[in-house]
Protein chains: 2
Amino acid sequence: MEIRVLRTFVTVAQLKGFSAAARALNTVQPAVSRQISDIEEELGVRLFWRSTRDVRITAAGETLLREALEILAHEERARKLVQRAGSGQIGRLRIGFISSACQAFLPGLVRAFTRDFPDVQVTLTEMNADAQAEALAAGQLDIALSRALPPRGAADVESLEIYVDRLMAFVPDDHPLAARQTLQIGDLAPVPFVLFQRSGASGLFDQIVSACRDAGFSIDIAHQSNSMQAVLSGVASGLGVSIAPGCIRQLNMAGCKSLPLLEDAGPVPFVLHHRADQVEPPTRAFIDLAIESRADIREKMKLSE
Amino acid sequence: MEIRVLRTFVTVAQLKGFSAAARALNTVQPAVSRQISDIEEELGVRLFWRSTRDVRITAAGETLLREALEILAHEERARKLVQRAGSGQIGRLRIGFISSACQAFLPGLVRAFTRDFPDVQVTLTEMNADAQAEALAAGQLDIALSRALPPRGAADVESLEIYVDRLMAFVPDDHPLAARQTLQIGDLAPVPFVLFQRSGASGLFDQIVSACRDAGFSIDIAHQSNSMQAVLSGVASGLGVSIAPGCIRQLNMAGCKSLPLLEDAGPVPFVLHHRADQVEPPTRAFIDLAIESRADIREKMKLSE
DNA sequence: CGGCACCTATACGAATTTGCTATCAATTAT
DNA sequence: ATAATTGATAGCAAATTCGTATAGGTGCCG
């Protein structure tokens, strides 16, 4: 009972004739005749009463007709479902992101994606860069968004730079430095720092520490927080100054002023990671969308500087 | 998307390997490989991630797997349904019968049939012989049970004699003839008759009239009724005597005595008619059962004489 | 680190299946 | 009566499918 035979059978039943069915199926009558008699033999059941003049379906044939119509419809439905799954229109997309991504570009990107792929189940999970790498390797994540560089030597992970941020200084409103237009990193030497904890964003942490060392002083970390939001809150509270990627200005923390650093103190890339192998279509679609949107994102991040 | 390919696909998905699937399907690995890559190309969708070491299904593959399992189950169900229909285990059986059949053998036959074919929808319709012939020709009836001879020249109808009854006399209990052990038809010459109407059972009617003429008198039909029951009722009421097939004694009408006729006044065959062409399996099964049971029926009808 | 075992992909000839042409037999319409 | 239409059958050609052989890659184990 192959699909092709069922289709032939249904056509014969509906057109009530072998020749008519053959015409409709773009084939010839003996082929139809053979397919029907083959399936009759296979099932051991007579499906049509034939006379030289007309064809009438048997009761067993009626039964098969009902079933065959359902099977054919089911096949059609399966085909469409699978093609939608294959083109990424249905499925799931598990994104891990660091919170800064929310201030940067993630909401817009996700909104654009769900507009084009409304039936894909998108899961957004905030997690630090290290946790992302782990989840990605374990196959629990499709997309990881962090400032981390591509982890070398790990599983086959491809990385795509979304945009490059730069480090900026954050000082309390009422701090003397807040009156300046620009700063050099060295200007921050005597001031205590508020910084995030190293664990989870070790790359960025080390980059900032290095920048200070390059500027000739050892950073004085007076307070540590577990989120950028908390860091800015600490700065606004006058606990100290901070250095952080420019994009977090968009948190618009009151009592906290951002100042460009004259040195280009190391680029801070924002990177999209995904496994190189076994990229499911929705993931592929999201990556493609990210590539498309990259120029816009960069433009937007520049404008907000 | 042929059934065979779906079956291969499901096996690959379940055994997580092309070679393993090939072994399970009693074929070789390249055949499996080709079938999968063919359907992938046909759908334009990747179904498996292959490496040289293991095979993992894609999200689209998972989708197809669910659908394919349903389609295969449906195909299996369709096959069984059709085979049941083809062997007569499901379907319908429309029987037309004259009321005497109820007194004779029909209930037992139908009971035996429904025991063997419990899922066949049996329709029993009481109708006179002429109506039966019409309905049979119109395809509204599968089996016709009457005393009529095979209608000559009509559509292709095959007839099967179930048993042969003989005519008997029925006289009121208090009638002088009721004291006799046997009668000759001629004994009934001076007596008024109660008889059924000719329309609908013309064959039997004419047979009785002829028997009387052969016995040398013209039958005096004083009353006509539209059923055997009514005829016997008339006899019991003393309206007259009657001649009828012996089996209707089983109505056990009080006040009415049956007497054998010395002459073998024409055999009264009870016949099963069915269309010679396009015999649906349940009909075939019933006919076969009738043939099997014929000896028993004849025995039973003899015993009750 | 190299050989071995196991996996999938590909190539190609063989076997099977399927389709097509021609023809027959039966029935109906003209 | 003849032409036309329909389904069955046979024989041949085309297409498909299968099986063998082989290549290429990866993990395992000594």
Side-chain angles (χ1 to χ4, degrees), chain A residues 1-58 60-61 65 137 139 153-156 275-278, chain B residues 1-58 60-61 137 153-156 275-278:
Chain A
M1 266 182 54
E2 292 301 319
I3 295 284
R4 181 178 42 88
V5 177
L6 290 182
R7 191 166 284 123
T8 301
F9 167 78
V10 166
T11 308
V12 171
Q14 289 178 335
L15 299 183
K16 302 180 199 302
F18 288 53
S19 300
R23 283 191 291 273
L25 294 167
N26 291 315
T27 181
V28 292
Q29 168 262 317
V32 174
S33 209
R34 268 261 301 270
Q35 285 184 34
I36 300 298
S37 65
D38 280 357
I39 197 181
E40 283 184 329
E41 188 159 354
E42 179 194 333
L43 295 172
V45 170
R46 173 167 292 272
L47 298 173
F48 293 105
W49 303 117
R50 293 104 141 143
S51 77
T52 58
R53 209 55 196 172
D54 61 345
V55 169
R56 279 188 14 222
I57 197 163
T58 63
L65 179 57
D156 290 333
R275 298 187 56 144
D277 56 338
Q278 308 182 5
Chain B
M1 268 183 52
E2 292 301 318
I3 295 285
R4 180 177 43 86
V5 176
L6 290 181
R7 191 167 284 121
T8 301
F9 167 78
V10 166
T11 308
V12 171
Q14 290 178 336
L15 300 182
K16 303 180 197 304
F18 288 52
S19 300
R23 284 191 291 273
L25 293 166
N26 291 315
T27 181
V28 292
Q29 169 262 319
V32 173
S33 208
R34 272 273 302 270
Q35 285 184 35
I36 299 298
S37 65
D38 280 356
I39 197 181
E40 281 184 330
E41 189 159 355
E42 179 193 332
L43 295 172
V45 169
R46 175 167 289 275
L47 299 173
F48 293 105
W49 303 116
R50 293 105 141 142
S51 76
T52 56
R53 209 56 196 172
D54 61 344
V55 169
R56 282 192 7 226
I57 197 163
T58 64
D156 289 333
R275 298 187 57 143
D277 57 337
Q278 307 182 3

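Naming: A, B, ... by sequence-line order, numbering from 1 per chain. Values in this document were obtained by computation on a predicted structure and should not be read as measured data.
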Fill in the blank from the handout: Regarding the side chain of A/Pro30, the nearest nucleotide among C/dA9, D/dC18, C/dT21 is C/dT21
Exercise for the section: Determine the contact category for B/Val32: base if any of its heavy atoms lies under 4.0 Å from a base atom, sugar-phosphate if only primed atoms, P, OP1 or OP2 are that close, otherwise nothing. Expected result: nothing
Exercise for the section: Examine distances only and state if a side-chain atom of B/Arg46 and a backbone atom of B/Glu40 form a donor-acceptor pair shorter than 3.5 Å. Expected result: no
Exercise for the section: Please state how far atom CG in B/Asp54 lies from atom P in C/dA9, giving the value in whole angstrom units. Expected result: 12 Å
Problem - Short side-chain N/O contact from B/Arg4 to OP1 or OP2 of C/dT16, under 4.0 Å - result: no
Exercise for the section: Would you please confirm or rule out a distance under 4.0 Å between OP1 or OP2 of C/dA9 and any side-chain N or O of B/Ser37? Expected result: no
Problem - Main-chain N/O of A/Gln29 paired with A/Ser33 side-chain donor or acceptor, under 3.5 Å - result: no
Handout entry: Heavy-atom check, side chain of A/Ser19 versus side chain of A/Arg23, under 4.5 Å
Key = yes
Handout entry: Value in whole Å for how far the P atom of D/dG25 lies from CH2 of B/Trp49
Key = 20 Å
Problem - Taking every non-hydrogen atom, the tightest pair across B/Met1 and A/Ile3 - result: O-CG1, 3.1 Å
Problem - Interatomic distance where CG belongs to A/Leu47 and P belongs to D/dG7 [whole Å] - result: 15 Å
Practice task
State whether A/Thr27 places a side-chain N or O below 4.0 Å from either non-bridging phosphate oxygen (OP1 or OP2) of C/dC20.
Solution key: yes
Problem - Spacing of B/Leu25 atom CG relative to D/dG19 atom P, expressed in whole Å - result: 11 Å
Problem - Any donor-acceptor pair under 3.5 Å from A/Gln35 side chain to A/Phe9 backbone - result: no
Problem - OP1 or OP2 of D/dT20 under 4.0 Å from side-chain N/O of B/Gln29 - result: no
Fill in the blank from the handout: Result for 5'-nearest mapping on DNA chain C, choosing between B/Arg34 and B/Arg23, is B/Arg23
Practice task
Would you please confirm or rule out a distance under 4.0 Å between OP1 or OP2 of D/dA8 and any side-chain N or O of A/Arg50?
Solution key: yes
Practice task
Verify the contact: side-chain N or O of B/Ser51 to OP1 or OP2 of D/dT26, cut-off strictly under 4.0 Å; return yes or no.
Solution key: no
Exercise for the section: Looking at every strand, decide which applies to A/Ser19 at a 4.0 Å heavy-atom threshold: base, sugar-phosphate, or nothing. Expected result: sugar-phosphate
